[in-house]
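Read the structure below first, then the notes.
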Amino acid sequence: MGQISPMLRTLVKDALNAAAPANAIFLQGWVRTRRDAKALSFIELNDGSCLKGLQVIVDATLPDYAEVARANTGASVEVHGKLVESKGQGQKWEVVATAFKVLGEADATYPLQKKGHTLEFLREIAHLRPRSNLFGAVFRVRSRLAYAVHQFFQERGFHYVHTPIITASDAEGAGDMFRVTTLDLENPPRGEDKHVDNAKDFFGKKTFLTVSGQLEGEIFAHALSNIYTFGPTFRAENSNTSRHAAEFWMIEPEVAFCDLQGNMDLAEAFVKHLIRDAKEHCAADLEFFAKFVDKDLMTRLDFVLEKPFVRCSYTEAVEILAKSGKTWEHPVAWGANLQAEHERFLTEEHFKCPTTVYNYPRAIKAFYMRQNDGTAEGRETVAAMDLLVPGIGEIIGGSQREERLDKLRAGMALHHLDEKAYWWYLDLRRYGSVPHAGFGLGFERMLMFVTGVGNIRDVIPFARTPGTADF
RNA sequence: UGCCUGGUAGCUCAGUGGUAGAGCAGGUGACUGUUAAUCACUUGGUCGUAGGUUCGAUCCCUACCCGGGCAGCCA
């Protein structure tokens, strides 16, 4: 790895980082652009190993020179040659070819020409866009951060739990679910009462794609103490925004013997770890984003790394919003949910910093969140938290969970949930219950924050949004 | 789902109530250690779909389809 061999393929990344010239090197990749001169041709070769390409010189006297005419933008090629210091400006190393071969041509219909394309157009060619500078960089960062997620938790003694993708829990309150069925939709089996007989379905009951692994995660936190999940999640909501997708990846740690404070500490450390890791391991790609996507990217990332996040209770937040002198499209009142405009004001204008809002009104939060003790009549709160970041809004949502059986049952009653469906969840409170807490981080939203890319469709390889499931 | 906005050449866009242009890509040629190379010439479009208004619609109106933005829902 990282070696230059005359026989084995060398990655462009390793060639560019070479310490010394090499008499023989072998490269394979795709042509980004070709410039022909009278006596030679210049070919920029990219293989996705890094942002930059490697300049290949093919002399017109080379027996293989006829191949160069076929090496248009997008073609795949292989090159044997010498790695030498460049005679031209703009790059340290270049390869003088001794043998040159086109493996797969790309004719004039190749859509990714060497010019600016809109993100909208590139989405329509999602099978080719990873070959562009921007998307190559985005998906290298995505890969690296997925690794960093595991690294962060594994180094802290967390165990990775694979929670189910198909679930029968149909009321977790996290959103509308996709139905999973093998029934014949044209002619489903029907019972005596003419209703569809779900007992005849594959699993013997109604099943769905998961909206969260949290409840199953809690089971494992009650055994392995510190766990996390990292997998695909599905929401059947008709959301048409730049930060919602029907299929996205979520990271959900769940920690036994942990309260809301510990949860907020973990969330902050986690976000900072991911940013630090991207800066360290994806420096060239981040510089590209800073240059072409978001001029303020580096300043923002540094700022987030250096500053402690602001923590602000929901009640304080409401007071700040009420006193701001702003006119709100959605009125500010204790008991109402904070709207995007409110969250944006807090994190972008008031605090100008990632902000964790905690202790939300009980009535607007999920049944499993822990009821805070000693709250005023009519102002009951739960130990919930949302981490808001400038530009994106909510990136993390979490809470301390209700570990007391009687309080949990009261919460379920409040939300009109059937205890029978949650018998195993209630059992966790019957047998060895412990205070515990966790959160969910939207992986794509984190990627948007780290890359500056403004649309969730552009940080996931093949986006699934309402009306679109191509590729 | 609601509101707003757009759909003109392969791509990025301009344009006008009298049936259309530029840049890039493509083609031809010139030139050059070039670097989104440069220069000259050149190919290329039933102006999203269906109706309507009008002597006449790419332009105005309506509906629909598709893209995008914002909001709600949330991660």
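Values reported hereafter were calculated over all heavy atoms of this structure, with side chains retained and with hydrogens, waters and symmetry mates removed. Numbered from 1 within each chain, the chains take letters A, B, ... in sequence-line order.
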Dot-bracket for RNA chain B: what is it, with Watson-Crick or G-U pairs under 3.5 Å, [ ] where a pair crosses earlier ones, and | for a pair to another strand?
(((((((..((((....[..)))).(((((.......))))).....(((((..]....))))))))))))....
Please identify each residue that fulfils side-chain hydrogen bond (donor to acceptor under 3.5 Å, both in side chains) with N337(A), with sequence neighbours left out.
none
Could you tell me whether I456(A) contacts a base, only the sugar-phosphate backbone, or nothing, with contacts defined as non-hydrogen atoms closer than 4.0 Å?
base
So which protein N/O to nucleotides 37-45 of chain B N/O distances come out below 3.5 Å?
unit_1  : atom_1 : unit_2  : atom_2 : d
rA37(B) : OP1    : T33(A)  : OG1    : 3.4
rA37(B) : OP1    : K114(A) : NZ     : 3.1
rA37(B) : OP2    : R35(A)  : NH1    : 2.6

What is the distance, rounded to the nearest whole Å, between atom CG of L447(A) and atom C1' of rA75(B)?
12 Å
OH of Y228(A) versus P of rA75(B): gap in Å, rounded?
21 Å
For a quick check of understanding: with a heavy-atom distance under 4.0 Å over all strands, which category does T468(A) fall into, base, sugar-phosphate or nothing?
sugar-phosphate
Test for a donor-acceptor pair under 3.5 Å between the base of rC11(B) and the side chain of H117(A), counting only N and O atoms.
no
Say we look at rU32(B) and rG21(B): how far apart would their C1' atoms be, to the nearest angstrom?
31 Å
Whether the side chain of R235(A) and the base of rA75(B) hold a donor-acceptor pair under 3.5 Å is what I'd like checked.
yes
So, D458(A) and R123(A), do they make that salt bridge, N to O below 4.0 Å?
yes
Cation-pi between K352(A) and F303(A): NZ/CZ under 6.0 Å from ring centre and within 45° of the ring axis?
no
What is the separation between atom CG on L122(A) and atom P on rG67(B), rounded to the nearest whole Å?
16 Å
Compare side-chain N and O positions of N337(A) against OP1 and OP2 of rG72(B) and report whether any pair is under 4.0 Å apart.
no
Indicate, yes or no, whether a donor-acceptor pair under 3.5 Å links the base of rC70(B) to the side chain of R243(A).
no
For the pair made of CD in Q214(A) and C1' in rC74(B), what is the distance, rounded to whole Å?
14 Å
It should be established whether R445(A) places a side-chain nitrogen or oxygen under 4.0 Å from OP1 or OP2 of nucleotide rC74(B).
no
Give one of base, sugar-phosphate or nothing for E341(A), where a contact means two heavy atoms less than 4.0 Å apart.
nothing
Need to verify one output field. Residue with the more 5' nearest nucleotide on RNA chain B, V96(A) or M250(A)?
V96(A)
Span that lies between the P atom of rU8(B) and that of rC60(B), in whole angstrom:
15 Å
For T233(A), answer base if it contacts any base atom (sugar-phosphate contacts may also be present), sugar-phosphate if it contacts only those atoms, and nothing otherwise; contact means non-hydrogen atoms under 4.0 Å.
nothing
Just checking F367(A) against Y422(A), ring centres under 6.0 Å apart?
yes
Does G88(A) reach a base, just sugar-phosphate, or nothing at all? Heavy atoms under 4.0 Å.
base
Would you say S41(A) reaches rG33(B)'s phosphate, i.e. side-chain N/O to OP1/OP2 under 4.0 Å?
no
Using a 6.0 Å distance limit plus a 45 degree cone around the ring axis, check whether R300(A) lies over the aromatic ring of F449(A).
yes
Would you classify R32(A) as touching base, sugar-phosphate or nothing, given that sugar-phosphate means primed atoms plus P, OP1 and OP2, and contacts are heavy atoms under 4.0 Å?
nothing
Between C1' of rG68(B) and CD of E120(A), the distance in whole Å
6 Å
OH (Y147(A)) with more than 12 external heavy atoms under 6.0 Å
no
For G467(A) and for D386(A), locate the closest nucleotide of RNA chain B by heavy-atom distance; then report the residue assigned to the nucleotide nearer the 5' terminus.
G467(A)
Could you measure between the two P atoms, the one in rC24(B) and the one in rU19(B), and give it in whole Å?
28 Å
Could I get a table of every N or O pair under 3.5 Å where one atom is in the protein and the other is in nucleotides 2-10 of chain B?
none

Could E444(A) and R142(A) be called an ion pair, given the rule that one side-chain N must be under 4.0 Å from one carboxylate O?
yes
Taking the ring centre of each residue, are F178(A) and F208(A) less than 6.0 Å apart?
no
Between rU38(B) and rU58(B) - P atom distance, rounded Å
37 Å
Classify the side chain of Q91(A) and the base of rU34(B) as holding, or not holding, a donor-acceptor pair under 3.5 Å.
yes
Quick one: is the NZ or CZ of R156(A) closer than 6.0 Å to the six-membered ring centre of F152(A), and within 45° of its axis?
yes
How far does the P atom of rC47(B) sit from the matching atom of rG7(B), given to the nearest Å?
14 Å
For rA71(B), take OP1 and OP2 only and decide whether either is under 4.0 Å from a side-chain N or O of Q339(A).
no
Are E67(A) and R70(A) close enough for a salt bridge, meaning some N to O gap below 4.0 Å?
yes
Looking at K365(A) and D386(A), does any basic side-chain N land under 4.0 Å from a carboxylate oxygen?
yes
Between rG33(B) and rU46(B), how many Å separate the two P atoms, rounded to a whole number?
42 Å
Quick test of the criterion, 5.5 Å between centres and less than 30° between planes. Is F248(A) stacked on rA75(B) or not?
yes
Distance, rounded to the nearest Å, where E124(A) contributes CD and rG48(B) contributes P:
15 Å
If we take the P atom in both rU5(B) and rG10(B), what is their distance in whole Å?
28 Å
Check: rC70(B) base within 3.5 Å donor-acceptor of T241(A) side chain:
no
Taking side-chain contact (heavy atoms from CB on, under 4.5 Å) as the test, write out the residues that go with T451(A), two or more places apart.
V141(A), F289(A), V453(A), V459(A)
Side-chain (D176(A)) to main-chain (E237(A)) donor-acceptor, under 3.5 angstrom:
no
I'd like to know if K291(A) and E287(A) make a salt bridge, using a cut-off of under 4.0 Å between side-chain N and carboxylate O.
no
How many Å lie between CG on L40(A) and C1' on rU34(B), as a whole number?
8 Å
Please give the distance between the C1' atoms of rA36(B) and rU12(B) as a whole number of Å.
13 Å
Mind checking side-chain contact (heavy atoms from CB on, under 4.5 Å) for L224(A) and listing every partner two or more places apart, or none if nothing turns up?
H159(A), F220(A), I227(A)
Gap between atoms CH2 and C1', on W328(A) and rG72(B) respectively (whole Å):
17 Å
